[in-house]
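In this chain, numbering begins with 1 at the start of the sequence shown.
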Amino acid sequence: MCRKLGKKLPGLTRPPYKNELGKRIYEEVSKEAWDMWIQDSVKYINTYRVDLTSPEGQKFMFDQCAVYFGLQGGKLAETAFVPRDGDGEGSDTSNTK
């Protein structure tokens, strides 16, 4: 049962991180929800220019990931992401009339 999407879905094939958070994600989050996180995590990396090789950057992303999946209380950080045309995917805005 995926805690993020609230339904039975295939899980990950292995823990995504070698820590307690990775173990909990492996046990409680579906592959579909994990794929959503991978897409959304880019917004945090770009907004905050996160250095994933630094302990501070890793902690920030682990914290955001834990909040994203409801494994930790708190509020997700704001991002600079602004969807075009309200669709969230950056649709084509060219005028073809």
Closest non-hydrogen atom pair, Arg14 against Tyr26: C-CD1, 3.3 Å
Rounded to the nearest 0.5 Å, how far apart are CZ of Arg24 and CZ of Phe69? 12.0 Å
Rounded to the nearest 0.5 Å, how far does OG of Ser30 lie from NZ of Lys7? 8.5 Å
Using 0.5 Å steps for rounding, measure from the CG atom of Leu21 to the CD atom of Gln72. 8.5 Å
Check the hydrophobic clustering (I, L, V, M, F, W, Y; side-chain heavy atoms under 4.5 Å; chains of links allowed) and say if Val29 and Val42 are grouped together. no
Can you find a heavy atom in the side chain of Thr79 that is under 4.5 Å from one in the side chain of Asn46? no
To the nearest 0.5 Å, atom OG of Ser54 lies from atom CG of Leu52 at 7.5 Å
Between Thr47 and Tyr44 (side chain of the first, backbone of the second, donor and acceptor by atom type, cut-off under 3.5 Å), is there such a pair? no
Counting distance only, does the side-chain N/O of Gln64 pair as donor-acceptor with the main-chain N or O of Ala77 below 3.5 Å? yes
Sub-6.0 Å ring centroid separation between Tyr17 and Trp34: yes
Are the side chains of Ile25 and Cys65 in contact, using a 4.5 Å heavy-atom criterion? yes
Roughly how far, to the nearest 0.5 Å, is the CD atom of Glu27 from the CE atom of Met1? 15.5 Å
Inter-residue atom distance Lys31.NZ - Cys2.SG, 0.5 Å rounding: 12.5 Å
With side chains defined as the heavy atoms from C-beta onward, is the minimum distance between Phe62 and Asn19 less than 4.5 Å? yes
Among residues at least two apart in sequence or on other chains, which ones pass salt bridge (Lys or Arg N to Asp or Glu O under 4.0 Å) with Asp40? Lys43
Considering all heavy atoms, the nearest Val67-Lys75 contact: CG1-C, 4.0 Å
Who are the ring-ring contact (aromatic ring centres under 6.0 Å, His included) partners of Tyr48, not counting sequence neighbours? Phe60
Step by step, work out the side-chain contact (heavy atoms from CB on, under 4.5 Å) result for Met36 and Tyr68. CA-CA 10 Å; Met36 290 168 51; Tyr68 185 86; 3.4 Å; yes
